[in-house]
Every structure is written in structure tokens, then in C-alpha cells.
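Here the structure comes first, spelled out in C-alpha cells, and everything after it is commentary.
All chains are named by letter (A, B, ...) in the order of the sequence lines, taking the proteins before the strands, and each is independently numbered beginning at 1.
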2 protein chains.
Amino acid sequence: MPGNALERMREQLNAQDYKFTPQRSMVLQVLTEHPDEHLSADEIYARVKVKYPDIGMATIYRTLDLLTNLNIVNKVNFGDGKSRFEISQKERHQHHHLICLSCNEIIEVKDDLLIQLEKTITKEHDFEIIDHMVQFYGHCKKCSEKDNKTKNKPQ
Amino acid sequence: MPGNALERMREQLNAQDYKFTPQRSMVLQVLTEHPDEHLSADEIYARVKVKYPDIGMATIYRTLDLLTNLNIVNKVNFGDGKSRFEISQKERHQHHHLICLSCNEIIEVKDDLLIQLEKTITKEHDFEIIDHMVQFYGHCKKCSEKDNKTKNKPQ
DNA sequence: TTTCATGCAAAGGTTTTGCATACGC
DNA sequence: GCGTATGCAAAACCTTTGCATGAAA
């Protein structure tokens, strides 16, 4: 359901006296078209600019901020010095990220095993969980293999 | 063992032809003295400056980078625009963070429930996990109670 | 028409870099 | 003494903000 998020945004904007502008629409469109990438503000800017050359960077940031507050978009951070954005978990499955420390590849894992952990935490800490971010750091298959070769037989 | 990380750093530095300088020593010392806070570069700078007034910000960053690469220190990010640093998980228990979306309080949870999830991921994705970062976003007890009284007001 | 949104440029904040000097080994 | 580390200042980034203009409702 591609138009879903767009329609949802229009309703939420109207309900709170915000305006539904072409710029806001296009930012969301870019995000829905790339559900499995983790675009930075800069990358979103470049993609929107193709169809709407007059857009400014400030609008990108203000829109991403708005969409994040509306819980339509998630802001994530992989420690590379910039924020990245993706359609909210609620629009998709829960997922975690595997980040390879050798090649920096980001692998997505769809999984709901965290639900049990969330229940425990909610109970023990009186903490109402709305969202989570889970990242595993390590070595992906390719890099592990490469590493083993380099270790056993030096080039 | 408080001197543990310091000794480990000295050895690792020597082994790789890096030098053991007072600046590096003091940065690590500050981090071991505050194991449960999540200090930013700026905060570490201020604390080191008390005992070593001539230190420069660049040295702080270069040292934190080095310690992170040596896996002595962990770089974490709570989305507040700056990186934060803490003694590596290996020196302590595994822990997760609960981040309150209302008051921004960061609560630590020590827990090893993630081990099962890690095993599953390792098996299914051939991904060798070295470390993880887990953050739960939601509302803490205090804010949940406050919210119920003040409903209908976003932000 | 009223109010909010936009684009631009400038400012703010964090982190990195170049370079001459100082220091650990 | 050699090669790295440091401090300083400037630069490089990413992100936010002020303000006049423009557009949605």
C-alpha cells in the first residue's frame, strides 16, 4: 500500500492545522520509495531536487523533523556523523540492523524476538516502550571469510 | 578493578607502536571514573582540563577515536547531535538504554536477555556479533503519570 | 485574508585537519 | 634522534534559525 503513508500524512497534517505542501509530499514519497535504505537528509535532498529543483535544505530538515514527530518517519543513527531517515517501523515490520565493522554494510533483520524483552522491561521499570533501536556490530559473512584467509595464509 | 583498563591500554598502545601519553591516560581515567554516565567529548574535555589545563579539544577527539578503535571505549549516540562515550561493554556488564521521549532521561538496564536473539541472528545470517547497541524509546514512570494528568497536549 | 511554509543566507554546534612544536620511546 | 602526539586555529560538516516572500486553507 504505497499511498497509505501519504494519505495518513495528509490527515494528520489537516488535523493539526499544518499544511499539505508539495515539498512535504515529495519528501515522504522519496522515503516510501526507498523503504530499505537509510537515507541522510542530504540524500533525500538530492532525490527531491530532481523533481522539485527549487526546494531548499532547510525545508528538508523541517519536514523530516515534522514527519518524525508525527511518527511517520524514524530517525536513526549509525554513528557516521549524520542522521538517517526511514519510513516508521509502524508502517513496516519491526527490524534490526547488523552493521559490519569491516565493510560497513548494513544488513536488515526482520524479527520480533524482542517482544519478550520489551515485556520484561515494561514490567520491571514501569517504562512504557513506544519504539526501539537495535543494532548489532560484528563481521558479515564475506568479511569473516576474508579475515580467515588473511590470517591463515598471509598474502 | 579500576587500574585494569589503564594497564590494558598501555599494553595495547605499546604493542602497536603508539605512545602512552599523560593526555591519553587522563581521558581514559575520566571514563573509568564515570562508568554509568555517557559523557560527550565536551564533558570529557572539561573534566580532563581540571587536572591538565593545557589539553586541547583535538586531542580529546583523537584519543577517543583511538580508544574506540582499540575497543576500550564505546561510542554511542542518543540522537542529541553529539557522540557520547563510555567504557566498553567488555569491561562491564551488557546494558541497554531506556530513553524517555518526554524528559530525555536515560535509564540503564543491565540484562542479558539478548543472548538468545544474538544466537538466532548468528545462525541465520552468518553474522559474527561482537557488540550491540539497544535503545528503547518511550515514557518513563514519572512522565507517564504526568501525561495522564495533562492529556491532549502534544509536546 | 490569515496563517503557516518556504528559500536563502547566516549562524550554531560538533568534529576533523594542517602545521609547527613538543615529547615518548 | 626518530617518529608520533599535541595544541592551536582554521576548516569542514551537519543542522538550525531569522527573515522576507510565497502559498495553502
Nucleotide nearest A:Asn14 (side chain, heavy atoms from C-beta), chosen from D:dT15, C:dT6, D:dA25: D:dA25

Backbone of A:Leu13 reached by a side-chain donor or acceptor of A:Gln16 within 3.5 Å: no

I want to check one thing: is the phosphate of C:dT15, taken as OP1 and OP2, less than 4.0 Å away from some side-chain N or O of B:Ser83? yes

CG of B:Leu64 versus C1' of C:dT14: gap in Å, rounded? 13 Å

Please work out if A:Ser40 contacts a base, only the sugar-phosphate, or nothing of the nucleic acid, heavy-atom cut-off 4.0 Å. nothing

Write down the atom of A:Lys49, the atom of A:Ile55, and the distance for their closest heavy-atom approach. NZ-O, 3.7 Å

Rounded to whole Å, OH of B:Tyr18 lies from C1' of C:dC23 at a distance of 18 Å

Please find the pair of heavy atoms, one from B:Leu31 and one from B:Ile87, that lie closest to each other, and give the distance. O-CG1, 3.6 Å

I need the CG-C1' distance between A:Leu28 and C:dA5, as an integer number of Å. 17 Å

Rounded to the nearest Å, what distance is computed from the CD atom of residue A:Gln16 to the P atom of nucleotide D:dA25? 15 Å

What's the shortest heavy-atom distance between A:Ile44 and A:Leu39, and which atoms? CG1-CB, 3.6 Å

Report the distance from atom OH of A:Tyr52 to atom C1' of C:dA5, rounded to the nearest whole Å. 10 Å

Just do the ring pair (Phe, Tyr, Trp, His ring centres under 6.0 Å) check on B:Phe78 and B:His38 with the steps written out, would you? CA-CA 10 Å; B:Phe78 299 124; B:His38 308 91; 5.3 Å; yes

Rounded to the Å, how far apart are B:Met57 CE and C:dG13 P? 13 Å

Using the side-chain contact (heavy atoms from CB on, under 4.5 Å) rule, pick out the option among A:Ile72, A:Asn69, A:Leu66 that qualifies with A:Gln12. A:Ile72

Measure from CD1 on A:Ile60 to C1' on D:dT16 and round the result to the nearest Å. 15 Å

Touch check for A:Asp17, heavy atoms < 4.0 angstrom, all strands: base, sugar-phosphate only, or nothing? sugar-phosphate

Within the 4.0 Å heavy-atom criterion, would you say A:Arg24 contacts the bases, only the backbone, or no part of the nucleic acid? sugar-phosphate

Given C:dC8, C:dT15, D:dT16, identify the nucleotide with an atom nearest to the side chain of A:Arg62. C:dC8

How is A:Asp54 classified with respect to the nucleic acid when contacts are heavy atoms under 4.0 Å: base, sugar-phosphate, or nothing? sugar-phosphate

Euclidean distance, atom CD of residue B:Gln23 to atom C1' of D:dG7 [Å, nearest integer]: 9 Å

Closer to the 5' end of DNA chain D via nearest nucleotide, is it A:Ala41 or B:Pro22? B:Pro22

Mapping A:Leu66 and A:Tyr45 to their closest nucleotides on DNA chain C, which lands nearer the 5' end? A:Leu66

Would one find a side-chain N or O of B:Tyr61 under 4.0 angstrom from OP1 or OP2 of C:dT15? yes

Does C:dG24 have OP1 or OP2 under 4.0 Å away from a side-chain N or O of B:Thr21? no

Determine whether any donor atom in the side chain of A:Lys19 lies under 3.5 Å from an acceptor atom in the base of C:dT3, or the reverse, and answer yes or no. yes

Minimum-distance nucleotide to B:Ala58 side chain [options: D:dC8, D:dT17, D:dT6]: D:dC8

